[in-house]
Amino acid sequence: MIYVHVPFCRSFCTYCDFYSEVCPDSARGREAERDYVDKVCEEISRRREEIASTLGVNTLYFGGGTPSVLSPSSLRRIVDCLALPSIREFTVEVNPDDILKGGTDYVRALRELGTDRVSMGVQSLSDSILRWMNRRHDAASALEAFRILREGGIANISLDIIFGIRGLSDDTLDQTLRGLLALGPEHISAYQLSIEPGSALGRLAESGRYKEAEDEQCSRQYGLICTRLREAGYEHYEISNWALPGRRAIHNSAYWKRLPYVGLGPGAHSFDGTRRFWNSDSLPVWTSGSETLSAEQALDETVMLGLRTSEGVDASLLDARRVASLMKKGALELLDDKVRIPEDRFFVSDDIISELLV
């Protein structure tokens, strides 16, 4: 289970605080790209044993940042360096604008690499909302990019949307949902907008130029997403993720099960079952840090991650009295010796989990 962090973006979204660097379309940008790939390949060589130990899940995920700013030849160098014996699921995150620029030739190049799944950040089909987010695409471009992905042979596509934005009406969100569902993606992820201190949005909030959406709006819009996707036949298998039957994200599902993984590149994180490792946010050279989880921390993490999913966690891991109390309130349910949070309480899952872990 391998994650490769690509720290380049052509522009920065209003809400984003992930580590990334502007990658200009210039000789300097191409040099930065080559240097980044060199360093990732060096890291792969150093961590061969760690990589081999995670291949039980056998997935590869290029995330970012914006992996689609990299050329197919750069992606190829990393894939060849990894030399994985087989890949069960190979995902690349893309921006609609990059897909439009590269066209079907770029998508076919991804397919030749072995990519069988693409995750595309659409976020909204409202042009005014997209402009506010400082996205590089408009609604028409997102729809066209989806068509190009299909034409290029990508049969497993995940689309991201964002809700809970002050100024985003329920009707506008519903139009986005209906527009995306008409495309028939295999997977949809929906995230509530959060204000991160290091982002442009964080600075707007600090200066009083943006106020966070009310909980009532966010809860209502989350409920709308749940309803529309349920009606369309999607399984709500994790708080923020829906999939058509048989199309759950294998890679991300392994995170929620706390399976070992290796993260490569600046800002990437890794986990070996007991210890967490992380790379610093820096180019061209990044360093590593680590921590060992206590038994109590590992248990809390197992509960928190497991209760984010529709499967839940083993009842034996939880305090029976707390479970019984929350079940009376309708905040938990028991199914085949598993305790889980009902979908209609997913929105307040953090509060429920906090009560269990007191």
Side-chain angles (χ1 to χ4, degrees), residues 1-11 18-48 51 55 58-121 136-137 141 144-158 251 262-268 279 282-286:
M1 184 179 168
I2 311 300
Y3 173 82
V4 182
H5 185 72
V6 179
F8 300 118
C9 290
R10 287 198 169 95
S11 61
F18 291 150
Y19 168 65
S20 59
E21 302 271 350
V22 173
C23 185
D25 294 322
S26 63
R28 181 184 173 193
R30 289 189 291 274
E31 181 180 352
E33 181 175 330
R34 286 193 299 271
D35 192 47
Y36 159 77
V37 174
D38 287 343
K39 294 299 189 297
V40 169
C41 288
E42 290 174 12
E43 186 178 10
I44 290 169
S45 297
R46 292 196 313 270
R47 303 179 68 185
R48 289 286 181 195
I51 290 170
L55 296 185
N58 216 14
T59 59
L60 176 59
Y61 194 110
F62 279 84
T66 313
S68 54
V69 303
L70 294 185
S71 66
S73 61
S74 289
L75 293 169
R76 167 65 70 185
R77 282 187 59 201
I78 296 172
V79 172
D80 288 348
C81 189
L82 282 166
L84 300 178
S86 63
I87 304 175
R88 185 179 175 191
E89 180 188 82
F90 183 169
T91 303
V92 176
E93 292 182 355
V94 304
N95 184 291
D97 185 59
D98 294 326
I99 298 303
L100 259 67
K101 288 179 179 178
T104 53
D105 287 343
Y106 181 82
V107 178
R108 287 176 182 137
L110 292 181
R111 289 287 296 120
E112 289 172 5
L113 282 175
T115 306
D116 58 8
R117 184 175 183 271
V118 164
S119 177
M120 185 163 69
R136 289 191 280 127
H137 67 276
S141 298
E144 177 63 10
F146 187 93
R147 185 196 66 77
I148 292 171
L149 288 171
R150 285 290 197 230
E151 185 178 322
I154 303 297
N156 191 0
I157 300 175
S158 178
H251 184 91
V262 168
L264 303 167
N279 292 339
S282 60
L283 281 176
V285 178
W286 48 92

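Residue numbers run from 1 in the order of the sequence given.
Applying the ring-ring contact (aromatic ring centres under 6.0 Å, His included) test to every pair with at least one member in residues 85-109, sequence neighbours left out, gives these pairs: F62-F90. Identified under the salt bridge (charged side-chain N to carboxylate O under 4.0 Å, His left out) test for residues 71-83, with sequence neighbours left out: D38-R77, R76-D80.
In this structure, CZ in R111 is found 6.5 Å from CG in D116, a value given to the nearest 0.5 Å. In this structure, the separation between OG1 on T104 and CZ on R147 is 8.0 Å, given to the nearest 0.5 Å. Distance check, rounded to the nearest 0.5 Å: CD1 of I154 to CG of L149 gives 6.5 Å. Taken from CG in L110 to OG1 in T91, the straight-line distance is 11.5 Å, to the nearest 0.5 Å. Here the straight-line distance linking atom CZ of F146 with atom CD1 of I157 works out to 4.0 Å at 0.5 Å rounding. I2 CD1 to I87 CD1: the interatomic distance, rounded to the nearest 0.5 Å, is 9.5 Å.
Aromatic ring orientation, Y36 versus F8: perpendicular (interplanar angle above 60°, classes split at 30° and 60°).
Exactly one of N279, L82, V6 qualifies for a side chain to side chain contact (heavy atoms under 4.5 Å, CB included) with L264. That residue is L82.
V118 places none of its side-chain heavy atoms less than 4.5 Å from the side chain of I99. Between I78 and I44 the shortest side-chain heavy-atom distance falls below 4.5 Å.
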Practice prompt. May I have the step-by-step check of side-chain contact (heavy atoms from CB on, under 4.5 Å) for T66 and R136, ending in yes or no?
Written response: CA-CA 12 Å; T66 313; R136 289 191 280 127; 3.9 Å; yes
Practice prompt. Output, in order, the C-alpha distance, side-chain angles, deciding distance and verdict of side-chain contact (heavy atoms from CB on, under 4.5 Å) for V107 and E151.
Written response: CA-CA 9 Å; V107 178; E151 185 178 322; over 6 Å; no
Item to complete: Could you go through the side-chain contact (heavy atoms from CB on, under 4.5 Å) check for V69 and E33 one step at a time?
Response: CA-CA 9 Å; V69 303; E33 181 175 330; over 6 Å; no
Worksheet item: For L84 and L55, what are the C-alpha separation, side-chain angles and deciding distance, and is it a side-chain contact (heavy atoms from CB on, under 4.5 Å)?
Response: CA-CA 8 Å; L84 300 178; L55 296 185; 3.9 Å; yes
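Y61 and E89 are not linked by any side-chain donor-acceptor pair at a separation below 3.5 angstrom, with hydrogens and angles left out of the test.
Of all the heavy atoms in G63 and Y3, the pair that sits closest is C-OH, 3.4 Å. Summarising the geometry of G121 relative to P96, their closest heavy-atom pair is O-CD, 3.5 Å, with the distance given to 0.1 Å. Heavy-atom minimum distance, P266 versus S282: CB-O, 3.5 Å. S68 and D98 get closest at one heavy-atom pair: OG-OD2, 2.6 Å. Scanning both residues, G65 and E93, for their nearest heavy atoms gives O-OE1, 4.3 Å. Between P67 and V92 the shortest heavy-atom distance is CB-CG1, 4.0 Å.
Salt-bridge formation is not detected for the pair R34/E31: no Lys NZ or Arg NE/NH1/NH2 atom is positioned less than 4.0 Å from an Asp or Glu carboxylate oxygen.
Within 6.0 Å of atom CZ in R88, 12 or fewer heavy atoms from other residues, nucleotides or ligands are found, so the atom counts as exposed in its surroundings.
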